[in-house]
Amino acid sequence: MTFLRQSAAMAGKDLRVEVRGRYAMGAVLPFAGTLLVAFGLSLGPDRTLLQRIAPGLLWMAVLFAAVLASRRAYEGEVEDGAMEGLLLAPGDKAALYLGKAAAIAVQLLVLEAVVVALVSALFSLSLGGDLSVLVAAFALGTVGLAGVGALFGALDASARAREAVFPLLVLPFATPVLVAGVRATAIATSGAGGSAGSWLGLLVAFDLVILAAGTLVYGFLLED
């Protein structure tokens, strides 16, 4: 089985499990929606303030959704005792990592589409600015978050760490994505997309680093 076929098989398996279980829509999306509504109510009716902080709230919701989705990606293997199967599976462990990351990324993209629409409705966030920059920011940010989640999800699952430990592993490494995503989104929605190049460049660099690191160390994390 080739490298790409192994990755596709892993991604397809995780996505089929998600479609059957509907965890993202049944648990992650309501959590993100509740988070946004709670922040909106706590900040009051000041429309100017809500519009200014909407990109930050949007990415906070995406970040927490990524944490939940990444942990869910390994729950099946842990509950069924299948982590040993991943370790003993023939082929390149890097392909398994990329497949896990791809499945998480697809789930996040679906969630992000709904969350963006929700933020636009709740906080009057304008989506009529530079749409290409906005799409690029979310696509690149999603890849980075999925890469981090798939990498540390393996460590968390193999070590059988307590549930509270996983966010502590993910959140510090996801900070560059959060900062760059918020800034690029704010620039794109303001209509000044041309000045977002440096933030998009940071997202590209982060994606390359985390995916390269993940492909190199994923097998070792499964063995721990």
Side-chain angles (χ1 to χ4, degrees), residues 1-15 17-18 59 62-109 136-181 184 198-224:
M1 187 179 291
T2 65
F3 185 91
L4 291 178
R5 287 181 63 189
Q6 289 179 29
S7 297
M10 174 58 72
K13 186 269 294 181
D14 282 0
L15 291 174
V17 170
E18 170 56 33
W59 276 94
V62 170
L63 177 60
F64 284 115
V67 170
L68 294 175
S70 299
R71 186 170 181 84
R72 173 64 180 175
Y74 287 92
E75 282 185 354
E77 280 84 358
V78 173
E79 293 173 356
D80 297 336
M83 289 301 297
E84 293 79 4
L86 286 180
L87 179 59
L88 297 175
D92 197 334
K93 299 300 183 291
L96 301 181
Y97 164 71
L98 293 178
K100 282 283 186 184
I104 295 171
V106 170
Q107 295 175 47
L108 287 179
L109 287 172
F138 275 101
L140 294 172
T142 298
V143 171
L145 292 176
V148 171
L151 181 60
F152 287 100
L155 177 61
D156 179 63
S158 61
R160 288 170 173 78
R162 291 181 300 176
E163 186 172 351
V165 174
F166 182 64
L168 298 179
L169 295 173
V170 172
L171 295 179
F173 285 88
T175 299
V177 176
L178 183 63
V179 173
S198 59
W199 297 110
L200 295 179
L202 176 59
L203 288 172
V204 170
F206 181 88
D207 291 352
L208 293 176
V209 170
I210 194 62
L211 292 178
T215 56
L216 291 175
V217 305
Y218 189 72
F220 299 104
L221 293 181
L222 288 178
E223 293 173 0
D224 288 342

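For the atom pair CG of Leu145 and CG of Leu140, the computed distance is 11.0 Å after rounding to the nearest 0.5 Å. Within the model, atoms CG of Leu171 and CZ of Phe64 stand 6.5 Å from one another, a figure rounded to the nearest 0.5 Å.
Ala150 meets the side chain to side chain contact (heavy atoms under 4.5 Å, CB included) test with Tyr74, Tyr97, Lys100, Ala101, Ile104; sequence neighbours excluded. With sequence neighbours excluded, no residue forms a side chain to side chain contact (heavy atoms under 4.5 Å, CB included) with Val209. Take Ala11 and apply the side chain to side chain contact (heavy atoms under 4.5 Å, CB included) test, not counting sequence neighbours, and it matches Ala102, Ala103. Residues forming a side chain to side chain contact (heavy atoms under 4.5 Å, CB included) with Leu208 (at least two apart in sequence, or on another chain): Val204. Remark: Trp59 pairs with Phe138 by the ring pair (Phe, Tyr, Trp, His ring centres under 6.0 Å) rule, at least two apart or across chains.
The heavy-atom pair separating Gly214 from Leu151 by the smallest distance is CA-CD1, 3.8 Å. The shortest non-hydrogen separation linking Leu203 to Ala137 is CD1-O, 3.8 Å. Ala174 and Leu63 make their closest contact through CB-CD1, 3.6 Å (heavy atoms, listed as atom of the first residue, atom of the second, distance). Nearest heavy atoms, Ala180 versus Leu202: CB-CD2, 3.8 Å. When all heavy atoms of Ala69 and Leu108 are compared, the closest pair comes out as CB-CD2, 4.5 Å. Contact record, Gly99 with Met10: C-CG, 3.9 Å, taken as the closest heavy-atom pair.
Annotation: side chain to side chain donor-acceptor pair (under 3.5 Å) contacts involving residues 138-151, sequence neighbours excluded, comprise Glu112-Thr142.
Although no hydrogens or angles enter the test, the distance criterion places a donor-acceptor pair under 3.5 Å between the side chain of Thr175 and the main chain of Pro172.
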